[in-house]
Amino acid sequence: MSRPDRPLRLLAYTDTAMIGGAERSLATLLTELDGLHRTVVSVDPEVSAWFSAQCPDVHVELVAPIAGKRDLRPIREHLSTFRRLRPDVAHINLQWL
């Protein structure tokens with residue numbers, strides 16, 4: 001398998017509204033993955049700001065949270081963002097209730 005002529009694109013998604021162990025672990029992982037184009041997609045402004053502060057070389061995007069399977073506007077926003085970013089690898093952290 002040949003490598004692309006560009007850095008691999010990693011999309012890390014989190015749907016939490018608080019900073020916990022998973023987010024701290026993700027921030028550590030992202031700071032160690034030099035050589036990749038890294039983007040965090042978050043649904044919470046404070047979580048987005050935290051990732052921006054912890055991982056200054058990582059691009060952070062904010063999308064609206066999805067309230068349920070019929071909440072079409074945020075679902076479309078998520079899909080549009082993922083398509084635009086065109087990640088090679090996606091890492092997804094979902095909150096557990």
Side-chain angles (χ1 to χ4, degrees):
M1 182 174 178
S2 65
R3 284 208 40 134
D5 294 336
R6 58 168 174 70
L8 288 174
R9 292 183 290 241
L10 170 68
L11 181 148
Y13 175 83
T14 181
D15 71 345
T16 189
M18 63 181 157
I19 304 302
E23 291 69 39
R24 293 179 195 287
S25 178
L26 179 58
T28 299
L29 175 68
L30 290 170
T31 58
E32 296 296 323
L33 291 174
D34 289 337
L36 299 179
H37 182 271
R38 299 153 293 165
T39 302
V40 171
V41 177
S42 171
V43 300
D44 184 81
E46 291 180 20
V47 172
S48 293
W50 184 85
F51 272 107
S52 290
Q54 297 298 311
C55 312
D57 295 334
V58 174
H59 179 71
V60 178
E61 294 214 15
L62 180 65
V63 293
I66 298 172
K69 65 182 178 181
R70 294 187 178 156
D71 196 8
L72 297 181
R73 179 172 282 151
I75 290 171
R76 282 193 300 266
E77 181 184 6
H78 277 67
L79 291 172
S80 174
T81 300
F82 296 164
R83 284 182 184 133
R84 179 176 46 80
L85 293 172
R86 297 184 52 207
D88 298 301
V89 178
H91 174 93
I92 311 245
N93 282 7
L94 300 177
Q95 68 181 358
W96 183 262
L97 300 178

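Computed from a predicted model, the values in this text were never measured in an experiment.
- Within the structure, ring pair (Phe, Tyr, Trp, His ring centres under 6.0 Å) pairs that include any residue of residues 23-47 do not occur (at least two apart or interchain).
- For Ser52, the side chain to side chain contact (heavy atoms under 4.5 Å, CB included) criterion is met by Val60, not counting sequence neighbours.
- Looking only at side-chain heavy atoms (C-beta outward), Leu11 and Phe82 come within less than 4.5 Å of each other.
- Judged purely by atom type and a 3.5 angstrom limit, Glu61 has no side-chain atom pairing as donor or acceptor with the backbone of Thr81.
- Distance CZ/Arg38 to CG/Asp34: 5.5 Å, rounded to 0.5 Å.
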Taking only distance into account, with no hydrogens and no angle test, what donor-acceptor pairs under 3.5 Å do side-chain atoms of residues 19-30 form with protein atoms, sequence neighbours excluded?
unit_1 : atom_1 : unit_2 : atom_2 : d
Glu23  : OE1    : Gly20  : N      : 2.8
Thr28  : OG1    : Arg24  : O      : 3.1

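- Checked against side chain to side chain contact (heavy atoms under 4.5 Å, CB included), Glu46 has the following partners two or more places apart in sequence or in another chain: Asp44.
- Put simply, the side chain of Asp15 gets close to the backbone of Gln95: a donor and an acceptor are under 3.5 Å apart.
- Between Pro7 and Leu36, the closest side-chain pair of non-hydrogen atoms is not below 4.5 Å.
- In terms of the side chain to side chain donor-acceptor pair (under 3.5 Å) criterion, Arg83 has no residue partners (sequence neighbours excluded).
- Every side chain to side chain donor-acceptor pair (under 3.5 Å) that Ser48 has, sequence neighbours left out, goes to Ser42.
- There is no path of hydrophobic side-chain contacts, each under 4.5 Å, that joins Met18 to Val43.
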